[in-house]
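Heads up: the structure comes next, in structure tokens.
Counting starts at 1 for both ligands and their atoms, in listed order. Here, residue 1 is the first one in the sequence, and each next residue gets the next number.
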Amino acid sequence: MTGLNAYSLERAEQLSSQWKGTSFLGGNAKNFIDGAFKDSSTDKWIELYDPSTQTLLSKVPETTTEEFESAVEAASKAFQSWKNSSVLKRQRFALELQALIRENMDNLAAAIVLEQGKTFADAKGDVLRGLQVVETACAIPTALMGEKLEVSKDMDTETRKVPLGVCASISPFNFPAMIPLWTIPLAIVTGNTLILKPSERDPGAALMIAELCQRAGLPDGVLNVVHGTVPTVNAICTHPKIKAVSFVGSNRAGQHIYDLATKNGKRVQANLGAKNHAVVMPDANKDQALNALIGAACGAAGQRCMAISVVVLVGTAQKFLPDLIERASKLKVSQGFEEGAEFGPVTTPAAKARIEGLIASAEKEGGKILLDGRGIQVPGYPDGNFIGATIIEASTEMTCYKEEIFGPVLIVMNANTLDEAISTVNSNPYGNGAAIFTQSGPIARKFETQIEAGQIGINVPIPASFLGDINFYGKGGISFYTQIKTTTSLWRSADANVDGEGVSVNMPTMK
Ligand code: NAD
């Protein structure tokens, strides 16, 4: 083992000494319950290694049942006062939090590089995208505005958005700051309290964000952070005091969580795995299309839900292929702090083996590996989970097409016509996002209307999928975290008499 490089070690030491919740030098990640960062008393620890060198960074507990109960208790107790806090107080929290996140952007990004492996620039993007949700939450006084209607003479119906209670949020490893920040700000400014379970593979950034929430003035118990895997997740999905569950992650876990939590009467929002397609037409702006494709396929080592993992080249757009391969082959793969690194390692050796296995399956099933990223040697990092950019010519019945690869692998397919490309995209079971690259308005319009995917990109790669009724951020987020309360009141104008003399409009004088 080579150990952390000098710069990573310096950052790991600095972060470990300055932040209460976790360590990047082999110590423990802590539970954050009722305003305190405390070591878990569990005997089950998950070791977390730097994906570039396999150096032990921290140990993440499987939070015990008692600790989980105390987190729910703290959140339930805090809800009683937090729900009655003024909306301006909650807005103040969001304003302070956004300033603190900006101030600590580099620290959060450094924690992400260490634990998750993405490049420093990409890690800052991770924080920034989360920060945008905090900024949206600053508009909460307007977003929570109610409505009032006089439904009949002297009778008003008033609608208010009130919080749900204790909510929970379960996040994946690929965006350690952004995804916790999809839920923390909106759950809290709407008056709920929250239990967050970050990914057991990189909870550092979430613990730092929890500390920033505390510094932003958040009362104890409003946000709690617990850790672990299936047992903690199942406890969340079945606890009677938890009213709503937000999940982002893979299909398998998501389906289980959706079923279990809804069966237990909870409101659930779940964003799942993806297989996003891009269709490239012969009239596309070649430079723009190829750069967008390579960025969306290989950025963050392909570990993005909005990654483009399949490209369908239509007709003469097939002649773009040599250039696509050439450009992808030039991407620089290295440790996230290294100068010029365009993407880093994948999360774990197991993920690397899985991705390499899917590439090998393409070979076995008759696909053609046009660019092979397996076995890539990254100078200075012989033990890293690196896979170089990979391009495979495959067809829809192959395993590499059917499964989400979640690595820097782009599947290429050909189609003779736009109709054929649309039919390929529409037959894939994920059916979530699709993009088209073309200079033709009519072609873009046809694609937009005929594609059954929920999210369409025109000359831009696209985001991903969700299960459930309501989206995470924006107006959808506010609706998810609130319920409507209506009050109908009758104040008869005929009863507006003041006993005695009635209303006097004369200048008051001493009698
Ligand atoms: P994952 O499903 O393995 O883990 C997500 C969370 O669920 C973690 O907190 C984990 O502890 C928990 N979990 C894992 N397996 C579980 C199980 N069997 N039962 C209960 N809980 C379980 O996902 P991941 O590997 O961390 O993240 C990558 C996945 O997330 C990809 O599929 C990606 O497409 C998806 N993703 C989707 C979006 C989106 O917006 N649609 C965004 C980011 C990531």
Short N or O distance, Glu404 and ligand 1, threshold 3.5 Å exclusive: yes

Interfacing atoms of ligand 1 (cut-off 4.0 Å, heavy-atom, Ala253): 2 (O), 13 (N), 14 (C), 15 (N), 16 (C), 17 (C), 22 (C)

Modelled atom types, side-chain donor and acceptor of Asn234 and His256, under 3.5 Å: yes

Test side-chain contact (heavy atoms from CB on, under 4.5 Å) applied to His227 and Ser40, Pro198, Ser199, the passing residue: Pro198

Ser250 N/O under 3.5 Å from ligand 1 N/O: yes

Distance-only side-chain donor-acceptor flag, Gln335 / Ser8, under 3.5 Å: yes

Backbone or side-chain N or O of Glu200 under 3.5 Å from ligand 1 N or O: yes

Donor-acceptor under 3.5 Å (Asn224 side chain, Gly221 main chain): yes

Any Ile179 heavy atom less than 4.0 Å to ligand 1: yes

Among Pro172, Gly249, Pro203, Gly254, closest by any non-hydrogen atom to atom 35 (C) of ligand 1: Gly249

Parallel, tilted or perpendicular: ring planes of Phe93 versus Trp82, cut at 30 and 60 degrees: perpendicular

N or O contact, Lys197 vs ligand 1, cut-off under 3.5 Å: yes

Phe173 N/O under 3.5 Å from ligand 1 N/O: yes

Atom pair OG1 (Thr183) and CG (Leu223), whose distance is rounded to the nearest 0.5 Å: 8.5 Å

Within-shell test, Arg201 vs ligand 1, heavy atom, strictly < 4.0 Å: yes

Per-residue contact class, Asn251 against ligand 1 - non-hydrogen pairs under 4.0 Å: neither

Ligand 1 atoms in contact with Val230 (distance to a heavy atom under 4.0 Å): 17 (C), 18 (N), 19 (N)

Under-4.0 Å heavy-atom contact with ligand 1, by part of Arg304 that carries it: neither

Within-cut-off N or O pair, Asn271 and ligand 1, under 3.5 Å: yes

Distance-only N or O hit between ligand 1 and Leu272, under 3.5 Å: yes

From Asp126, Asn276, Asn174, Asp122, residue fulfilling side chain to side chain donor-acceptor pair (under 3.5 Å) relative to Arg304: Asp122

Ligand-residue contact atoms, ligand 1 with Gly228, heavy atoms, under 4.0 Å: 11 (O)

Ser246 and Gln269: side chain donor to acceptor below 3.5 Å: yes

Side chains of Gln54 and Asp50, donor plus acceptor under 3.5 Å: no

Sub-3.5 Å N/O-N/O distance, Ser171 and ligand 1: yes

Which of the ligand 1 atoms, numbered from 1, are nearer than 4.0 Å to a heavy atom of Trp182: 40 (O)

Per-atom contacts, ligand 1 versus Asn174 - under 4.0 Å to a heavy atom: 43 (C), 44 (C)

Residue Val233 vicinity, atoms of ligand 1 by number, heavy atom under 4.0 Å: 20 (C), 21 (N)

Could you tabulate the donor-acceptor pairs under 3.5 Å formed by side-chain atoms of residues 208-215, not counting sequence neighbours?
{"from": "Glu211", "atom 1": "OE1", "to": "Lys20", "atom 2": "N", "distance (Å)": "2.8"}
{"from": "Gln214", "atom 1": "NE2", "to": "Gly35", "atom 2": "O", "distance (Å)": "2.7"}

Passing candidate, side-chain contact (heavy atoms from CB on, under 4.5 Å) with Val233, options Val245, Thr238, Ile257: Ile257

Exercise: do Glu342 and Thr119 side chains pair donor with acceptor under 3.5 Å: no

Ligand-residue contact atoms, ligand 1 with His256, heavy atoms, under 4.0 Å: 19 (N), 20 (C)

Any Ala351 heavy atom less than 4.0 Å from ligand 1: no

Cation-aromatic face contact Lys38/Phe32, 6.0 Å, 45 degrees: no

Distance filter under 4.0 Å to Ile170 heavy atoms, resulting ligand 1 atoms: 6 (C), 7 (O), 9 (O)

